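Below: one structure, written as structure tokens.
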Amino acid sequence: MINIEIDGKQIQTENGSTVIEAAHQAGIAIPHFCYHKKLSIAANCRMCLVQVEKAPKPLPACATPVSEGMKVFTHSEQAVKAQKGVMEFLLVNHPLDCPICDQGGECMLQDMSVGYGNGHSRYHEEKRMVLSKDIGPLVSAEEMSRCINCTRCVRFGAEIGGQMELGQAFRGEHAEIMSFVSGSVDSELSGNMIDLCPVGALTSKPFRYKARSWELSRRRSVSAHDSLGSGLAVHTKDNRVLRVLPIENDDINECWLSDRDRFAYEGLSSEQRLTKPMIKQGGQWQEVDWQAALEFCANGLRQIASGAGAEQIGALATGNSTMEEMYLLQKLMRGIGSDNVDFRLRQSDFSADGKQQGAPWLGMTIGDIGRADRILIVGSFLRKDHPLLAARIRKAVVRGAQVNVIHSTDDDLLMKVAHKAIVAPDAMVDALSQVAKGVAAKQTDGIAGSLASGERVAVLLGNFAQQHPQAAQLQALAQQIAEATQGKFGFIGESANSVGGYLVKATPAGKGMNAAAMLAAPRKAYVLLNVEPELDCADAQQAIAAMQSADLVIAMSAYKHGATEYADVLLPIAPFTETSGTFISSEGRVQSFNGAVKPLGEARPAWKVLRVLGNLLKVDGFDYETSQAVRDEAMQGVDVAVKLNNAVSGIESKPAVVSGLQRVADVPIYATDAIVRRAVSLQATTDAAQPKAWLHSKELSKLGVTAGVQVKVAQGQGNALLEVAVDDGLPEGVVRVAAGHPLTAKLGAMFGTITVERA
């Protein structure tokens with residue numbers, strides 16, 4: 001530690017830290033624009049000039065390292081004069097458009113100019129003008145004349161996002177920020193540039209001109225779109241969500257937010273919102289009151305339970321439902337005598353059920369992943385499935401960590417990958433098995449050698465590995481590798497409540513049927529909670545067939561969707577911003593939140609709907625007054641730390657049997673759940689483009705087709721017409737076709753044989 005003095009205050013700080021870091025640590029404010037604690041030092045705005053004893057001129061606090069006995073003056077006459085001089089230069093070319101600027105009220109330049117600016121300018125020449133730029137549907141760069149060239153956005157792209165999409169061109173007064181290579185900014189983290197911009201140069205395109213900052217009410221919430229549990233500040237006006245910003249938490253999302261979490265709110269005001277209960281009568285949908293709709297549901301379930309038997313009723317929920325909703329759904333089902341309840345809709349291998357010691361989870365904290373020196377990622381579209389986790393791993397790589405990958409696609413992770421094995425889905429178990437053997441034999445090269453040489457090893461199973469037909473075998477092998485390297489292994493959960501669903505027993509017990517079994521052997525009745533079967537299930541074709549054959553389908557949803565074709569009743573429920581609830585993140589963090597706005601129309605929180613349904617069906621214990629009461633009952637006697645356990649035993653080794661082309665299915669980043677699928681701006685991004693059939697160039701040659709032509713992709717009884725594209729990062733013998741998209745909803749399972757022929 002080093003002893004320094006700032007403004008007469010004695011401070012102890014770490015060797016190697018800068019003056020501005022020491023000052024912030026002591027609670028002393030130094031004005032700045034280009035400095036940001038998560039980015040590298042640029043020292044190009046000069047706003048943080050301070051006086052240092054014995055230094056001949058003011059020094060930038062952000063780029064001046066501390067030394068023993070240093071004396072710093074941040075508010076001396078010399079420092080203030082320097083800071084005011086810098087402010088005058090910054091305002092020389094800045095347009096005087098505060099009244100119409102979207103950043104008004106939360107602009108650093110505006111705030112600083114009050115303290116360090118003059119009441120008038122000595123500069124009367126014409127101000128320079130920078131042309132506006134169109135860099136995509138999310139970030140607006142319409143007013144680049146406001147830019148003060150702090151380069152925060154450039155550094156963010158290069159250091160956190162992993163690719164330098166924006167850069168600074170030209171010099172002196174001609175310098176300007178512009179997009180490089182492609183015309184648009186396509187990063188899945190691009191919205192963070194809006195937060196970083198200290199002026200109104202980069203603003204939110206969907207939020208632009210919607211409201212002033214002081215008109216907005218703010219509510220804390222939690223992300224419902226992935227398993228990280230990022231903190232959200234939901235900004236509302238007139239009972240509408242108008243903006244979502246990150247809440248800083250270094251243990252989870254730091255100060256960042258993925259674009260999916262930031263812009264998905266647009267889906268909340270979609271034209272497809274379901275606002276009144278509806279019943280299908282004579283093939284026509286009729287709006288009814290809640291009493292009629294719920295009595296219709298209760299009578300239908302009662303008749304099927306007493307006639308065909310309660311085991312003919314199945315319940316499916318998505319992992320984005322709150323813990324309270326899942327708990328009441330399983331309690332309702334078990335109350336009427338059925339164990340058929342599940343939330344693992346995209347899973348295809350359930351052989352670990354009953355053989356696992358606890359609820360599958362991340363196996364470590366998010367911080368542990370960032371501190372690991374050897375990481376093995378098995379079956380994960382990491383950048384798109386978990387953007388912020390990818391950014392954290394990227395930082396670990398910069399610090400010297402080695403990342404190894406086993407997967408069926410060779411996507412660019414925007415980081416150095418030490419070793420990778422890109423194999424067809426049916427070869428993944430063998431590839432991981434070879435690593436396990438190599439680690440046991442103390443192999444010194446390849447993936448095994450990399451892992452064996454590490455002190456802090458993390459083995460992570462992604463969405464693709466969890467959805468794999470041999471998921472249990474992959475889990476058992478990951479466990480072996482973690483034990484052999486004295487590391488940790490775990491699952492990067494797919495959705496907000498991937499862990500919570502297990503803890504509240506929203507999975508089958510005894511003779512109950514899992515999600516795949518319920519759809520393979522259709523039930524007489526289904527209760528759907530937030531589910532769009534054609535987009536959310538492992539086998540869309542099978543899911544639709546099961547729904548169409550059922551006598552009763554109750555769809556509890558915030559939206560009118562494909563259920564209008566096969567459901568018998570639609571119950572409008574509130575999305576996460578309109579209800580209170582709890583999400584348990586993949587690292588086992590329990591986070592509760594309250595609604596930010598009132599439910600739209602006659603929509604009601606799903607926990608209330610399930611409570612009334614329980615009362616109508618005369619199930620005991622459905623007398624809750626609040627969602628907190630549901631949460632307390634659900635978590636009674638549940639020690640989360642004890643319940644989380646990835647250890648598995650007794651997994652049998654079964655070979656994969658696949659002939660012909662194998663399907664590799666990802667769920668696109670903006671097709672993961674109902675809200676995201678309806679967010680207009682996200683659907684205008686390149687990541688939301690229509691899915692293609694991606695093949696290795698050698699496979700294209702065998703088929704006798706060229707990239708860009710239409711092909712017919714068929715699976716089971718369904719087919720889709722898709723444009724074919726080349727990806728030599730794919731192994732031969734596979735075709736990559738996205739799931740979770742309306743264009744591919746008639747196809748079969750996410751894994752298995754698929755045929756491709758010229759259209």
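Here the structure is a predicted model, which means the values were calculated and not measured.
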List the steps and the verdict of side-chain contact (heavy atoms from CB on, under 4.5 Å) for Glu325 and Ile573.
CA-CA 11 Å; Glu325 293 163 2; Ile573 58 171; 5.6 Å; no

Can you list everything that forms a ring pair (Phe, Tyr, Trp, His ring centres under 6.0 Å) with His225? Sequence neighbours excluded, please.
Phe576

Does Lys524 NZ have over 12 foreign heavy atoms under 6.0 Å away?
no

CA sep, side-chain torsions, deciding dist, call: Val244, Thr577, side-chain contact (heavy atoms from CB on, under 4.5 Å)
CA-CA 11 Å; Val244 169; Thr577 52; over 6 Å; no

Apply side chain to side chain donor-acceptor pair (under 3.5 Å) to residues Asp349 and Ser351 and explain how you reach the verdict.
CA-CA 6 Å; Asp349 178 18; Ser351 57; 2.7 Å; yes

Let me see the working for Ile279 and Gln281 under side-chain contact (heavy atoms from CB on, under 4.5 Å), right down to the final yes or no.
CA-CA 6 Å; Ile279 294 176; Gln281 294 175 328; 3.8 Å; yes

Which residues share a salt bridge (Lys or Arg N to Asp or Glu O under 4.0 Å) with Asp411, sequence neighbours left out
Arg736

Check whether Gln715 reaches the backbone of Leu747 with its side chain - one donor and one acceptor, N or O, closer than 3.5 Å.
no

Closest approach of Gly161 to Leu414 (non-hydrogen atoms, all atoms of both residues):
O-CD1, 3.3 Å

With a 4.0 Å cut-off on N to O distance, would you call Lys384 and Asp666 a salt bridge?
no

Would you indicate whether Gln272, at its atom CD, is surrounded by more than 12 heavy atoms from other residues, nucleotides or ligands within a distance under 6.0 Å?
yes

Kindly write out the residues that satisfy salt bridge (Lys or Arg N to Asp or Glu O under 4.0 Å) with Asp342, not counting sequence neighbours, or none if the list is empty.
Arg344

Give the minimum heavy-atom separation between Ala424 and Pro731, together with the two atoms involved.
N-CG, 3.7 Å

Apply the test side chain to side chain donor-acceptor pair (under 3.5 Å) to residues Thr318 and Asp536: give CA-CA distance (whole Å), side-chain angles for both, the deciding distance (0.1 Å), then the verdict.
CA-CA 8 Å; Thr318 64; Asp536 292 326; 6.0 Å; no

Residues two or more places apart in sequence or in another chain: which of them pass side-chain hydrogen bond (donor to acceptor under 3.5 Å, both in side chains) with Ser580?
Ser627

Residues two or more places apart in sequence or in another chain: which of them pass salt bridge (Lys or Arg N to Asp or Glu O under 4.0 Å) with Glu723?
Lys692

Applying ring pair (Phe, Tyr, Trp, His ring centres under 6.0 Å), can you list everything that pairs with Phe350, at least two apart in sequence or on another chain?
none

How would you list all residue pairs meeting side chain to side chain donor-acceptor pair (under 3.5 Å) that involve residues 749-759, not counting sequence neighbours?
none

List the atom of Pro387, the atom of Asp226, and the distance in Å for their closest heavy-atom pair.
CD-OD2, 4.3 Å

Taking only residues two or more places apart in sequence or in another chain, which ones pass side-chain hydrogen bond (donor to acceptor under 3.5 Å, both in side chains) with Tyr327?
Glu633

Not counting sequence neighbours, list each pair that qualifies as a side chain to side chain donor-acceptor pair (under 3.5 Å) and has a residue in residues 702-714.
Glu699-Lys702

Please report the shortest heavy-atom distance between Pro246 and Leu257, naming the atom on each side.
N-CD2, 3.7 Å

For Lys746, does the NZ atom sit with more than 12 other heavy atoms under 6.0 Å from it, leaving out its own atoms?
no

Report, as yes or no, whether the 6.0 Å neighbourhood of atom CZ on Arg273 holds more than 12 heavy atoms from other residues, nucleotides or ligands.
yes

Charged N-O contact under 4.0 Å between Arg677 and Glu534:
no

Taking only residues two or more places apart in sequence, or in another chain, which ones meet Trp607 in a ring pair (Phe, Tyr, Trp, His ring centres under 6.0 Å)?
none

Is there a side-chain contact (heavy atoms from CB on, under 4.5 Å) between Leu138 and Phe263 once you walk through the steps?
CA-CA 8 Å; Leu138 304 179; Phe263 297 109; 3.8 Å; yes

Taking salt bridge (Lys or Arg N to Asp or Glu O under 4.0 Å) as the definition, give me every residue that meets it alongside Arg383, ordered by chain and number, with sequence neighbours left out.
Glu188

My understanding is that only residues two or more places apart in sequence, or in another chain, count here; which of them pass ring pair (Phe, Tyr, Trp, His ring centres under 6.0 Å) with His407?
Phe381, Phe464

Flag the pair Lys205 and Asp134 as a salt bridge only when some basic side-chain nitrogen lies within less than 4.0 angstrom of an acidic carboxylate oxygen.
yes

The single option from His468, Gln470, Gln662 passing side-chain hydrogen bond (donor to acceptor under 3.5 Å, both in side chains) against Asp426:
Gln662

Go through Ser495 and Asn320 one step at a time and tell me if the side chain to side chain donor-acceptor pair (under 3.5 Å) criterion holds.
CA-CA 6 Å; Ser495 45; Asn320 303 95; 4.7 Å; no

